[in-house]
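For reference, the structure is listed below as structure tokens.
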Amino acid sequence: MAVMLGIAIVPPPSKCLFVHPPLSSNSDWTPPATPFLLRPSNPSFSSSSFPISVARRFDASPKTVSGSRTWQPRPHPDANRELYHLSDKKMYKRHKQNVDLPSILPKNKKKPYPIPIQKMQRAARRDKRLAEMGIEKPLEPPKNGLLVPELIPVAYEVLDHWKVLIKGLSQLLNVVTVYGCSKCPEVHVGPVGHQIQDCHGTGSEQRRSYHSWVKGSINDVLIPIESYHLFDPFGRRIKHETRFDYDRIPAVVELCIQAGVDFPEYPSRRRTSPIRMLGKKVIDRGGYVEEPKPHLSENCMSLLAELDTYGAQFEQPPLSASDTRRLAERTLKAYSSVRRGVRQLMKKYSVKACGYCSEVHVGPWGHNAKLCGAFKHQWRDGKHGWQDAILDEVIPQNYVWHLRDPHGPPLQTALRRYHGKAPAVVEVCVQAGAEIPESYKPMMRLDIIIPDTEEARLVA
């Protein structure tokens, strides 16, 4: 019958994972057909001709064949190997060896959205559907103008650590030298500037891409990101003509003020009843309240100097080695606490950033000041392209080359791939005596041996 139908009978291989012959010797066993011929559309094929059906052949559960004992397919030989591979991946995610720095975004494109565009479109369609039915948009604090009681202590803690960070950096800069290139944004922390040829500023062709180093300041280490201070974030938006009526303060300080920190010199409206919105329109904001005049005094001016990097004092008495080490540890801990607290606040409070430039605005909507001069600003009439901000846009991590031996020879271009990088604040604290945090060790490439220049030529 098999010859008449042209069915090729293929004996099972010795290491078949699915089909095993019955163990009893008195039963007749017929080998199954090849997978190519097992087609339900073939009318000539009948599964009754074979004791083991197609479903039984690919079933992983124990089955009983007439005249035979129960059987079970053998485990795949690579199953344990795959489990070991998954465990290695989890171990690598927990303890990474080397981490690449974030890629530099091109200036002729808009920044990627931190929230997927499909998710924002679904939320917009849902709000539009509710508005068409006349249903108000459900809002929770702080989206409805009320404070989040659980985040008020976090805001005060962030502000305290921010003061410690600015004061500590201003004192450490008397011990650690910082250089900045006068032609490009490159910053270097060390006794002398490095010799890596990666300058793309003005006149770099004449200098063969070498940097033009000048003495740096705290603003090169902790990049100042400022924002307009708003008495009522849900009130009138800032226009281009009225932009000088508002003060510019650090974005971290403005975020803390809107999260519940009270400053007499920077008052903020505290609502007792929530606002109401129908779609994108605010139907009840509790009316407009005139902004009170700020209370300025000598104590307030000294407090403002502690919150801004421009008012940091560099002339400090010399410190001993142990005091410098403790100051570096305290400053590095304050830096980590500020980033952790700001990340926690940004999960609730809205912070907007321009998708083309470095402008940041703390509030539910961006301002209308026409100050954007980035890519294709003529098409937008100078207006910013607002989108949700990320942590690195509020507190930028200015990455610099990590020096294992600050008093050694300057870094060379030929050995640049053997050196790692770290944020400028971390590098200043580490060179001042602080221990390297575990989270920054992979990007510093501490496990790579730096060869000599002659040895580097022999490396493949």
Side-chain angles (χ1 to χ4, degrees), residues 99-125 127 142-143 180-181 184-187 198-201 219-228 230 233 237-238 240 243 248-255 258 280 309 335 338-400 421-426 439-440 443:
V99 175
D100 294 332
L101 298 177
S103 58
I104 300 177
L105 300 177
K107 295 183 179 180
N108 58 350
K109 292 183 180 180
K110 189 177 182 180
K111 303 175 186 176
Y113 290 101
I115 301 177
I117 187 66
Q118 294 82 3
K119 185 176 181 180
M120 293 189 294
Q121 290 175 349
R122 287 195 298 266
R125 288 193 293 266
D127 296 341
K143 305 297 182 181
C181 182
C184 71
E186 181 74 10
V187 176
D198 57 353
C199 182
H200 301 284
N219 292 328
D220 296 320
V221 179
L222 189 63
I223 299 178
I225 300 296
E226 294 184 341
S227 174
Y228 286 106
L230 297 177
R237 299 181 69 173
I238 301 176
H240 185 73
R243 66 186 185 276
R248 298 273 294 182
I249 61 177
V252 176
V253 179
E254 176 63 17
L255 180 60
Q258 293 190 17
K280 295 183 179 180
T309 56
Y335 178 70
V338 168
R339 289 185 59 87
R340 182 173 60 252
V342 170
R343 182 186 293 109
Q344 188 175 355
L345 294 177
M346 290 179 62
K347 291 181 180 179
K348 289 291 185 179
Y349 289 89
S350 298
V351 181
K352 303 297 180 180
C354 181
Y356 301 94
C357 67
S358 59
E359 180 71 11
V360 171
H361 182 78
V362 182
W365 309 287
H367 59 76
N368 289 333
K370 304 176 183 179
L371 301 175
C372 185
F375 177 65
K376 291 186 178 180
H377 63 91
Q378 301 90 346
W379 293 13
R380 305 185 305 273
D381 194 19
K383 293 184 179 180
H384 296 282
W386 297 113
Q387 61 187 33
D388 292 327
I390 60 177
L391 179 62
D392 288 341
E393 292 175 329
V394 180
I395 308 177
Q397 298 195 92
N398 191 13
Y399 291 97
V400 299
K421 285 191 174 184
V425 178
V426 178
S439 57
Y440 295 106
M443 66 179 60

To the nearest 0.5 Å, what is the distance between [atom1] ([X]) and [atom2] ([Y])?
X      : Y      : atom1 : atom2 : value
His200 : Cys184 : NE2   : SG    : 8.0 Å
Arg243 : Lys370 : CZ    : NZ    : 10.5 Å
Met346 : Gln344 : CE    : CD    : 12.5 Å
Cys354 : Arg380 : SG    : CZ    : 6.0 Å
His384 : Asn368 : NE2   : CG    : 10.0 Å
Leu222 : Thr309 : CG    : OG1   : 6.5 Å

message: Between Gln397 and Tyr335, does the side-chain contact (heavy atoms from CB on, under 4.5 Å) criterion hold? Intermediate values first, please.
response: CA-CA 11 Å; Gln397 298 195 92; Tyr335 178 70; 3.6 Å; yes
- prompt: Between Phe375 and Tyr356, what is the ring plane arrangement, given parallel below 30°, perpendicular above 60°, and tilted in between?
  reply: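 Plane angle between 30° and 60°, so tilted.
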query: According to the interplanar angle, ranging from 0 to 90°, do the rings of His361 and His367 count as parallel (below 30°), tilted (30 to 60°) or perpendicular (above 60°)?
result: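 Perpendicular.
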Least distance between heavy atoms, [X] atom then [Y] atom:
X      : Y      : result
Pro114 : Gln387 : CD-NE2, 4.3 Å
Lys352 : Ala389 : C-CB, 4.0 Å
Tyr228 : Ala369 : OH-CB, 4.4 Å
Tyr349 : Pro142 : CE2-CB, 3.3 Å
Ala251 : Val360 : CB-CG1, 4.3 Å

Donor-acceptor pair, distance only, cut-off 3.5 Å: does the side chain of [X] make one with the backbone of [Y]?
X      : Y      : answer
Asn398 : Asp220 : yes
Lys348 : Lys143 : no
Arg339 : Ile395 : yes

query: Can you check side-chain contact (heavy atoms from CB on, under 4.5 Å) on Val362 and Val394, steps first, answer last?
result: CA-CA 10 Å; Val362 182; Val394 180; over 6 Å; no
message: One pair to check against side-chain contact (heavy atoms from CB on, under 4.5 Å): Leu371 and His240. What are the steps and the verdict?
response: CA-CA 8 Å; Leu371 301 175; His240 185 73; 4.1 Å; yes
- request: For Lys111 and Ile390, run side-chain contact (heavy atoms from CB on, under 4.5 Å): C-alpha distance rounded to whole Å, both residues' side-chain angles, the deciding distance at 0.1 Å, then the answer.
  value: CA-CA 11 Å; Lys111 303 175 186 176; Ile390 60 177; over 6 Å; no
